[in-house]
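Everything on this sheet refers to the single structure shown next.
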Number of protein chains: 4
Amino acid sequence: MYININFKSKTPIYLQLRNQIVKGIAKGELEEGETLPSVRRMAKDIGINMHTVNKSYKVLENQGFVSIHKRKGVQVNSWEEMHHPDFIVELNKRLETLISEAFCRGLSKEDISKTIGELYQKFSRGIND
Amino acid sequence: MYININFKSKTPIYLQLRNQIVKGIAKGELEEGETLPSVRRMAKDIGINMHTVNKSYKVLENQGFVSIHKRKGVQVNSWEEMHHPDFIVELNKRLETLISEAFCRGLSKEDISKTIGELYQKFSRGIND
Amino acid sequence: MYININFKSKTPIYLQLRNQIVKGIAKGELEEGETLPSVRRMAKDIGINMHTVNKSYKVLENQGFVSIHKRKGVQVNSWEEMHHPDFIVELNKRLETLISEAFCRGLSKEDISKTIGELYQKFSRGIND
Amino acid sequence: MYININFKSKTPIYLQLRNQIVKGIAKGELEEGETLPSVRRMAKDIGINMHTVNKSYKVLENQGFVSIHKRKGVQVNSWEEMHHPDFIVELNKRLETLISEAFCRGLSKEDISKTIGELYQKFSRGIND
DNA sequence: GTGGTCTAGACCACG
DNA sequence: GTGGTCTAGACCACT
């Protein structure tokens with residue numbers, strides 16, 4: 001899985017990494033049960049601090065995307081483990097803010113639906129891999 | 001317009017306020033040309049510092065949602081002024097991250113479309129008021 | 001002389017008015033000895049507060065552009081009265097800042113000279129009127 | 001880089017600082033990629049408040065002169081990043097006002113061209129360093 | 001009475 | 001150790 005960090009971005013590095021891993025899971029590039037690169041390995045590969053990778057993994061664990069085992073490393077959870085309802089409430093709040101903004105920017109419901117449709121096609125392809 | 005700040009949230013107060021004002025604009029609770037409460041008034045009403053409100057208003061100004069005048073206060077911009085294409089690129093990136101996450105959480109394309117549809121109905125109502 | 005105030009501008013109204021009067025003098029639209037509209041007249045014409053016009057006129061007087069007489073009103077000074085060396089030092093400082101910025105923005109010396117040349121043509125035409 | 005603040009000036013401190021940094025960039029005293037002193041360091045050095053320095057840096061960031069990173073501090077942008085066309089329009093307006101004033105003060109086109117020529121020589125020297 | 005500026009001190013997030 | 005956030009209180013500019 002290819003990670004691309006923008007060091008000039010306002011988004012903290014640990015969140016950029018977290019976001020790209022979530023996208024990777026959605027697109028099927030990271031499959032259920034798959035082991036993520038070790039903290040040291042990932043840090044070296046993308047040229048960031050080990051502690052920063054560690055923070056990303058901790059966040060992903062707290063949000064139910066992965067499980068951290070001392071022996072087996074960091075593994076992608078099953079879909080069931082990710083489907084925890086607690087997160088969905090918070091997700092809908094973020095969606096409301098984002099969609100409000102999209103409306104203000106002049107995007108129609110159809111514009112957004114189209115973008116979402118394209119994203120979901122990517123996700124489905126991943127599942128069939 | 002009713003503002004509700006969660007002081008325990010990890011989201012900074014000035015961003016919570018900013019987000020709620022954006023939602024208010026989308027829903028038509030704040031109309032084009034309408035004047036927001038003065039920084040001091042708003043600060044007092046929601047129990048935060050004047051400078052924090054000021055920061056929210058400045059962010060909204062930079063993002064094209066409002067205009068700040070020394071005498072007249074802070075006014076909601078017209079839709080045309082909000083439709084700046086620069087923001088749409090950034091908006092789509094945020095949408096991609098959010099939708100990826102939604103997919104992982106088990107939400108179907110239809111679930112999201114339904115939520116968005118409901119939001120857009122609220123927005124439309126605002127326009128017809 | 002046509003005055004155009006932008007109420008949305010960050011530049012205070014009294015300075016916008018002051019700047020446009022200075023431009024008018026430079027372009028010859030306002031000639032030496034000519035009387036400016038009265039404070040009340042000007043305020044009414046451009047739809048601003050009387051005190052704001054008054055402030056503009058006071059500033060112009062302090063800067064040597066006009067003289068305020070109780071009887072005759074506000075008169076444009078002669079060129080000699082405007083050529084006070086004190087202002088030239090301050091002008092050069094502002095020029096240095098502006099030109100530094102222009103350089104950073106990628107404007108060449110020729111770009112700027114061309115703009116200045118065009119402006120000076122306007123000024124000269126005014127003199128020949 | 002030497003900063004000199006005039007506390008009696010009508011120009012706000014944060015703008016004086018901003019202007020001097022822009023001049024420093026133009027003259028090559030601050031090179032592309034160079035890191036500015038931290039807000040606390042700069043504040044201490046020139047005897048002003050940290051937040052005032054912060055405001056200068058934020059303005060410079062908004063205007064495309066520098067980039068602010070949480071860890072690495074504030075870095076001077078590349079020339080390409082400064083060449084944003086939006087600013088050039090506004091720059092020309094300011095130039096028109098300034099040149100009008102210069103004309104009123106009795107400066108000839110040649111006087112101004114000479115000053116600008118001298119400034120551009122300073123800038124060029126910076127580039128050749 | 002509005003926002004703008006400046007100062008001051010505290011704690012937090014980032015890496 | 002960096003900038004980000006929040007609070008607090010003062011005086012000023014604008015109209």
Side-chain angles (χ1 to χ4, degrees), chain A residues 5 7 9-17 43 46-56 59, chain B residues 5 7 9-18 35-43 46-59 61 66-75, chain C residues 5 7 9-17 43 47-56 59, chain D residues 5 7 9-18 35-44 46-59 61 66-75:
Chain A
I5 299 297
F7 292 95
S9 169
K10 288 284 180 194
T11 308
I13 294 172
Y14 85 96
L15 272 185
Q16 290 186 47
L17 178 54
I46 59 183
I48 64 175
N49 192 297
M50 201 187 80
H51 300 302
T52 309
V53 178
N54 207 345
K55 181 154 189 180
S56 297
V59 168
Chain B
I5 300 296
F7 292 95
S9 168
K10 299 204 87 172
T11 308
I13 295 173
Y14 82 96
L15 274 185
Q16 292 184 47
L17 178 53
R18 177 262 181 209
T35 304
L36 296 183
S38 78
V39 283
R40 285 174 177 80
R41 175 85 219 166
M42 176 69 90
I46 62 184
I48 64 174
N49 190 284
M50 184 195 90
H51 298 299
T52 307
V53 177
N54 203 337
K55 185 159 186 177
S56 298
Y57 285 2
K58 282 270 176 68
V59 169
E61 186 188 34
V66 304
S67 296
I68 302 178
H69 308 94
K70 295 207 175 172
R71 274 274 286 174
K72 286 187 285 179
V74 180
Q75 285 183 323
Chain C
I5 300 296
F7 291 96
S9 168
K10 287 284 179 195
T11 308
I13 293 173
Y14 84 97
L15 272 185
Q16 290 187 46
L17 178 54
I48 64 175
N49 192 297
M50 200 187 81
H51 300 302
T52 309
V53 177
N54 208 346
K55 181 155 189 178
S56 298
V59 169
Chain D
I5 299 296
F7 293 94
S9 168
K10 299 204 89 173
T11 308
I13 295 173
Y14 83 96
L15 274 185
Q16 291 185 46
L17 178 54
R18 177 261 181 208
T35 303
L36 296 183
S38 78
V39 283
R40 286 173 175 80
R41 174 86 218 166
M42 177 68 91
K44 204 176 173 189
I46 61 184
I48 64 174
N49 190 282
M50 187 195 86
H51 298 298
T52 308
V53 177
N54 203 334
K55 183 159 187 176
S56 298
Y57 286 1
K58 282 270 178 65
V59 168
E61 186 188 35
V66 303
S67 296
I68 301 178
H69 308 94
K70 294 206 175 172
R71 274 273 288 174
K72 288 187 284 180
V74 180
Q75 286 183 322

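- Following rounding to the nearest Å, D:R18 (CZ) and E:dT5 (P) show an atom-to-atom distance of 13 Å.
- Note on B:Y14: every side-chain N or O is 4.0 Å or more away from OP1 and OP2 of F:dC6.
- Look at CE on B:M42: it is 15 Å from C1' on E:dT2, rounded to the nearest Å.
- The shortest non-hydrogen separation linking A:F7 to D:K72 is CB-NZ, 4.3 Å.
- Minimum atom distance to the side chain of C:P12 is reached by F:dT15, of the listed F:dT15, F:dG4, E:dG15.
- Where B:K58 and D:I48 meet DNA chain E, the nucleotide closest to each residue was compared, and B:K58 sits on the side nearer the 5' end.
- Taking all atoms of both residues into account, the shortest heavy-atom contact from B:R18 to B:S56 is N-OG, 4.2 Å.
- Summarising the geometry of B:P37 relative to B:Y57, their closest heavy-atom pair is O-OH, 2.8 Å, with the distance given to 0.1 Å.
- A 3.5 Å limit on both hydrogen-bonding distances identifies E:dT2 as the Watson-Crick or G-U partner of F:dA13.
- Place C:L15 and D:P37 on DNA chain F by their nearest nucleotides, and D:P37 ends up nearer the 5' end.
- Regarding D:Y57, its OH atom lies at a distance of 12 Å from the P atom of F:dG4, rounded to whole Å.
- The phosphate of E:dC14 (OP1 or OP2) has a side-chain N or O of A:K55 nearer than 4.0 angstrom.
- One N or O donor and one acceptor, one from the side chain of B:R40 and one from the base of E:dG3, sit under 3.5 Å apart.
- Within 4.0 Å (heavy atoms only), B:I13 reaches sugar-phosphate atoms of the nucleic acid but no base atom.
- In this structure, B:N49 atom CG and F:dA10 atom P are separated by 13 Å, rounded to whole Å.
- B:S38 has a side-chain polar atom (N or O) that falls below the 4.0 Å cut-off from OP1 or OP2 of E:dT2.
- Going from atom CZ of B:R71 over to atom P of F:dC12 covers 19 Å, rounded to whole Å.
- D:K10 places its NZ atom 14 Å from the P atom of E:dT5, with the value rounded to the nearest Å.
- Looking at heavy atoms from C-beta onward, B:V53 lies out of side-chain contact with B:R40 at the 4.5 angstrom threshold.
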request  = Dump the intermediate steps for side-chain contact (heavy atoms from CB on, under 4.5 Å) on D:L17 and D:M42, then the final yes or no.
outcome  = CA-CA 10 Å; D:L17 178 54; D:M42 177 68 91; 4.2 Å; yes
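- Atom CG in B:N54 sits roughly 15 Å away from atom C1' in F:dA10 (whole-Å rounding).
- Straight-line distance from the CZ atom of B:R41 to the P atom of E:dT2: 9 Å, rounded to whole Å.
- Between the side chain of D:H51 and the base of E:dG9 there is at least one donor-acceptor pair of N/O atoms closer than 3.5 Å.
- In this structure, D:T52 does not reach the E:dT5 phosphate: none of its side-chain N or O atoms is under 4.0 Å from OP1 or OP2.
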